Colleague: 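Shown below is the structure under consideration.
The sequence lines fix the lettering, A, B, ..., with proteins before strands; numbering per chain opens at 1. Since we're looking at a predicted model, the values are computed, not measured.
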Number of protein chains: 2
Amino acid sequence: MSTLGEKIRDLRKKKGFTLDQLAELSKSSKSYVWELENKDPPRPSGEKLALIAAALDVTADYLLGAEAEPGTAEDKAFFRKYQKMDAPQKQQIREMLDIINRTRK
Amino acid sequence: MSTLGEKIRDLRKKKGFTLDQLAELSKSSKSYVWELENKDPPRPSGEKLALIAAALDVTADYLLGAEAEPGTAEDKAFFRKYQKMDAPQKQQIREMLDIINRTRK
DNA sequence: TGTCCACGTTCGGAGTAGCGATACAAAAAA
DNA sequence: TTTTTTGTATCGCTACTCCGAACGTGGACA
């Protein structure tokens, strides 16, 4: 079980973000993002946590350790993004999924 | 779209908790729980948020407004289909969604 | 070798999260 | 009625969030 700081760093590296980039995406300062990754224990506000989770495409619940698998968090984050799309784009995605399933079947 | 305070109060009432009870369940003080429900705007830490979400049987993401209310049947059906796919196909779909969002932006 | 420079690290400080104490009004229970 | 439980509201305090602005440091070019 990894800490919040480790989760943030791992996800940031995986996405190839620098501290500055993640700071900008999450409307934080570079120094603060660094503190979250390195200081013990990091205790960000719910707001910051939500922004960082969104920037890293995971749920706040995953960062908080309230969620089991990274795969599950990834799926939920995907679904969240999907839900925010407009209806026509949603349908596009749905059709693409059907196509993939058809060729795979 | 309701505020964090309204969500907490509604969920608390629905479960029949008093302020003191929710405070105890979420390891907070009664005065602070009241502030979360009534002060504008409440800015709880991620920790507190997770504890309160757990006490109220919801996700922190829901309280943060990052998780939508029970969506349409169409969306849920789509998500169920998606979850049944294998990892590589899931990633394909995720990448396609990113592409659509990127070109729309 | 040198000097950029992108990136990570560190620090001081303003503002605030969160608590315990306290007080009082409504409501409910007795 | 009186008593007890809930909700509302404020105060002072400590510890921490979060920022800006420095400072260090390795690597990429000549």
Colleague: Contact class for A:K39 vs. all strands (heavy atom < 4.0 Å): base, sugar-phosphate, or nothing?
Modeller: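 It contacts nothing in the nucleic acid.
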Colleague: Classify every nucleotide of nucleotides 5-15 of chain C by which part a protein heavy atom approaches to under 4.0 Å, writing B for the base, S for the sugar-phosphate alone and - for neither, in 5'-to-3' order.
Modeller: --SBBBB----
Colleague: Using a 4.5 Å cut-off on heavy atoms from C-beta on, say whether the side chain of B:L22 contacts that of B:I8.
Modeller: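 Yes - at least one pair of side-chain heavy atoms lies under 4.5 Å apart.
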Colleague: Run the side chain to side chain contact (heavy atoms under 4.5 Å, CB included) check on A:Y62 and A:K7 step by step: do they pass?
Modeller: CA-CA 9 Å; A:Y62 167 67; A:K7 284 180 186 165; 4.0 Å; yes
Colleague: What is the distance, to the nearest angstrom, from the CD atom on B:E47 to the P atom on D:dC16?
Modeller: 11 Å
Colleague: Select base, sugar-phosphate, or nothing to describe what A:S29 touches, counting heavy atoms under 4.0 Å on all strands.
Modeller: base
Colleague: When you get a sec, tell me which of D:dT17, D:dC19, C:dC19 is the closest nucleotide to the side chain of A:K48?
Modeller: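 Per side-chain heavy atoms of A:K48, the pick is D:dC19.
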Colleague: For C:dA17 and B:R43 - does any side-chain N or O of the residue sit under 4.0 Å from the phosphate oxygens OP1/OP2?
Modeller: yes
Colleague: Is any side-chain heavy atom of A:Q91 less than 4.5 Å from a side-chain heavy atom of A:P88?
Modeller: no
Colleague: Going by the salt bridge (charged side-chain N to carboxylate O under 4.0 Å, His left out) test, which pairs reach into residues 13-25 of chain B, not counting sequence neighbours?
Modeller: B:K15-B:D57
Colleague: Hey, does the side chain of B:N38 reach the backbone of B:G5 with a donor-acceptor pair shorter than 3.5 angstrom?
Modeller: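 Pair absent, no side-chain N/O of B:N38 close to backbone of B:G5.
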Colleague: Using the test salt bridge (charged side-chain N to carboxylate O under 4.0 Å, His left out), find all partners of A:E47 that sit at least two apart in sequence or belong to another chain.
Modeller: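 Expected list: B:R43.
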Colleague: Give the rounded distance in Å between these two atoms: CG of B:L36 and P of C:dT16.
Modeller: 16 Å
Colleague: Expressed in angstrom and rounded to an integer, what is the separation of B:L51 atom CG from C:dC19 atom C1'?
Modeller: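 The answer, rounded to whole Å, is 15 Å.
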Colleague: Expressed in angstrom and rounded to an integer, what is the separation of A:K27 atom NZ from D:dC19 atom C1'?
Modeller: 16 Å
